[in-house]
Amino acid sequence: MLEDGYRDYLGYRPPEKPSVIAMTFSAIDPTLAPKGKHTLFTWAQYHSYELRNGETWDGIREREADKLYELVCEYAPNMRGKMMARYIQTPLDLERDLGLLRGNVMHFEMSLDQMFMFRPLPEISCYRAPMKNLYLTGASTHPGGGVFGASGRNTAKVILGWRGLGGRGKI
Amino acid sequence: MPYDVVVVGAGHNGLICACYLAKAGLKVGVVEKRDMPGGAVCTRDDLVPGFRFDVGSSVHIMIHLTPVLAELDLAREGLEYIEMDPWAYYPVEGTGRGISFYRSVEKTCESIAAFSPQDAEAYRKYVERWSELNEGVFETFLAPPSPGRLFGTILKRNLFRPKSRRLWSSLDTARQLMAPYGDVIHETFENEHLRTAMLWLSAQSGPAPAEVASGDMFGWNAMIHKGGAKRAKGGSGALATALVKCLQRHGGEIFLGQGVKEVRKVGKGWEVESEDRVLQTEKVVARRGDLFGAGGEGGAQGGERMGGGVGRSGSANGESGRSVSFKNFFLPAVEGWADGVVWANGEGENWKWIWHGGAARGGGVADLFGEGREWVDAAGVSFGHAVDLQKSGDVGGWVSGLSGVSPS
């Protein structure tokens, strides 16, 4: 199924059968939903930002979201008919709402040729932009995407230089 | 200068950077376009009354391996984490059972043993092997990635850890690192359910199972047993909230709802102009997508691949390839600016950096183009187009990655 979805992705089509991760965080954190109710978070990899089948993300968002929900219901039939409301984010929404260009949550692909001293490119991989006193941080820099913080910390390290992270004058 | 550093964009990395700088005594300002801090670390309670939804990240994994939470003392700012244990469950269709991945390797192996005793043992070995390797890899994540530092880190580790040395010098390790992770999973486990579960877990970083040199996308999962997978109580955005408090505690400031219009080089410092203010600062921190704007296709500049969705889209973005590399020490000095355009001559040739303000995206700022390049601004989406990438070969390799992608 993962491979089928990836083939659709390479073909710039929405996946016929998406692969899903389903997460019910309200089960471990009751602050997220009223008592007796829950939140269901479904996340599916390999949805092409660019569609070449004549459709648009704004046109197919409901249908594609249904596919994810339906898949969850297949495995958890008691979920069916229980949905109160939903919030959909397509790759295009991720770009529009969160500035994640082309809907890539990692900014740039996390392939070996784009990691370490190659991220985002060798010339600017150590958090310094090509102009003095201009620095880079974020998922497009080493070590990449995810809730990580290492990039922000490394950038601070580069800026502070010999002063280090411990405070002014401290190495 | 009123500010030592202005950070453009309050994503979690920008905020973390700002917190460290403020804590070190620098005067720091953070400028953010949206009304909420955190970028993709963000929880909204206004979508469905009574419910809180993460609209970006959800589970926090990597940050728990770093010293960030402790160094910034975010627990003091009210940040609480809830361990997800098990952190993953793979339902095996038609059986009513599944494979659970617990923080404890032992418990995970027990869960796997119900499907394949052989794979339970293979999983134990997998965690042992790949944790050792990735603890080394992880050390390299905590410093700027120059090749010397990168290899030095591993060499130093190997000096004191015979096990690490044995693994890193194993040709089989090298082979697996170079292999597609789909293949490595296939050769490591025999049970199809475990294989599928590991495939899907490994796919979360983006590259597909058949991509070469992706072996460690599989290997990395072993590290989750070390740091755990956790949820910030109240939603992912609780991290951003705590970071803002930390920033403010150390005297830093944050300005929300302030999309940056322009970043200008003025004298020895910079001016960051947002919707209704101008901040003068010595240094600026921004993210790459904003700084260099969007190249031909959605932000990728020559040689970079963005991926068409979550993952890659073949070579659509990288067709022009990485022509040549330039050297950092050839960085140009800014010579002057006018009408929002800053330019600078490169080293010993005609190549010019043109710094153009006014890009209208994200916390967006500016684009960097080479001479002879067409300026295209199509609804804030597409900007630069390289005219002649080959030219870079003549000028000591300046163009490289900071070029647009579509030779016209």
Side-chain angles (χ1 to χ4, degrees), chain A residues 2 6 25 28-29 31-34 39 41 45-50 75 85 87 91 98-99 101-106 108-112 116-117 120-123 125-127 129-130 133-138 140 142-143 146-156 158 160 165 167-168, chain B residues 11 13-14 16-17 20-21 24-25 40-41 47-48 50-53 56-58 60 62-63 66 68 82 91 141-142 144-147 150 199-200 203 205-208 213 231 233-234 282-285 287-289 291 298-299 304-312 325-326 331 362 400-401:
Chain A
L2 181 58
Y6 190 64
F25 298 121
I28 54 171
D29 183 358
T31 66
L32 301 177
T39 58
F41 186 102
Q45 199 88 318
Y46 304 129
H47 281 65
S48 179
Y49 168 86
E50 191 180 338
Y75 282 85
Y87 180 69
L98 299 176
L101 304 181
R102 286 180 76 83
N104 192 332
V105 299
M106 302 289 177
F108 286 109
E109 183 72 331
M110 299 275 278
S111 52
L112 192 58
F116 302 103
M117 57 281 203
L121 287 163
E123 303 84 342
S125 62
C126 284
Y127 310 103
N133 287 334
L134 183 61
Y135 300 84
L136 295 172
T137 195
S140 14
H142 175 75
V147 180
F148 201 156
S151 165
R153 184 175 180 271
N154 288 346
T155 307
V158 168
L160 292 170
L165 297 175
R168 215 183 260 278
Chain B
N13 277 303
I16 285 168
C17 179
Y20 276 108
L21 297 175
V41 177
L47 297 170
V48 184
F51 292 83
R52 297 173 64 80
F53 284 104
S57 58
S58 53
H60 297 182
M62 305 296 280
I63 199 167
T66 73
V68 170
I82 303 165
F141 285 172
L142 297 180
S146 67
L150 212 64
L199 271 179
W200 190 215
S205 295
R231 278 284 300 173
K233 191 175 176 188
E282 188 191 330
K283 299 177 198 293
V284 173
V285 177
R287 69 168 196 163
R288 185 223 157 284
L291 201 55
E304 294 171 336
R305 283 195 321 281
M306 301 273 305
V310 181
R312 67 176 293 188
S325 219
F326 67 73
L331 295 183
S400 182

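As the structure is a prediction and not an experimental result, all values here were calculated from the model.
Taking A:Leu112, A:Asp29, A:Ile28, A:Leu2 one by one and counting their heavy-atom pairs under 4.5 Å with chain B, the maximum is reached by A:Asp29. Counting heavy-atom pairs closer than 4.5 Å to chain A, the top residue among B:Pro144, B:Ser146, B:Gly14 is B:Pro144. Residue with the most contacts toward chain A among B:Arg52, B:His60, B:Arg231: B:Arg231 (heavy-atom pairs, distance under 4.5 Å). Top candidate by heavy-atom pairs under 4.5 Å with chain B, chosen from A:Phe25, A:Tyr75, A:Phe116, is A:Phe25. Ranked by heavy-atom pairs under 4.5 Å with chain B, the first of A:Leu32, A:Val158, A:Thr155, A:Thr31 is A:Leu32. The choice from B:Ala40, B:Pro91, B:Ala203 that makes the most heavy-atom pairs within less than 4.5 Å of chain A is B:Ala203. Among the candidates B:Pro147, B:Gly11, B:Ser57, the residue making the largest number of heavy-atom pairs closer than 4.5 Å to chain A is B:Pro147.
For A:Tyr87, the part sitting under 4.5 Å from any heavy atom of chain B is the side chain, from C-beta outward, and nothing else. Contacts of B:Leu47 with chain A are made by side-chain atoms alone, with heavy-atom separations under 4.5 Å and no backbone atom involved. Residue contact with chain A, scored on non-hydrogen atoms closer than 4.5 Å, involves the backbone and the side chain of B:Leu142 alike. Heavy-atom distances place both the backbone and the side chain of B:Val285 under 4.5 Å from chain A. With a 4.5 Å cut-off on non-hydrogen atoms, B:Phe53 touches chain A through its side chain but not through its backbone. Looking at A:Ser140, the atoms closer than 4.5 Å to chain B (heavy atoms on both sides) all sit in the side chain, from C-beta outward.
Minimum interatomic distance between A:Gly99 and B:Arg287 (heavy atoms only, all atoms of both residues): O-NH2, 2.7 Å. Between B:Val48 and A:Ala85, the shortest heavy-atom contact is CG2-CB, 3.8 Å. Looking at every heavy atom in both residues, A:Gly149 comes nearest to B:Ile16 through CA-CD1, 3.5 Å. When all heavy atoms of B:Gly206 and A:Tyr46 are compared, the pair lying nearest together is O-OH, 2.7 Å. When all heavy atoms of A:Phe41 and B:Gly56 are compared, the closest pair comes out as CZ-O, 3.9 Å. Across every non-hydrogen atom of B:Ala208 and A:Tyr6, the tightest pair is CB-CZ, 3.1 Å.
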### Task
Would you check, one step at a time, whether the test side chain to side chain contact (heavy atoms under 4.5 Å, CB included) holds for B:Val284 with A:Asn133?
CA-CA 6 Å; B:Val284 173; A:Asn133 287 334; over 6 Å; no
### Task
Using the side chain to side chain contact (heavy atoms under 4.5 Å, CB included) rule, take B:Thr66 and A:Arg153 through it: C-alpha gap first, then chi angles, then the decisive distance, then the call.
CA-CA 10 Å; B:Thr66 73; A:Arg153 184 175 180 271; 5.7 Å; no
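Although no hydrogens or angles enter the test, the distance criterion places no donor-acceptor pair under 3.5 Å between the side chain of B:Asn13 and the main chain of A:Phe148.
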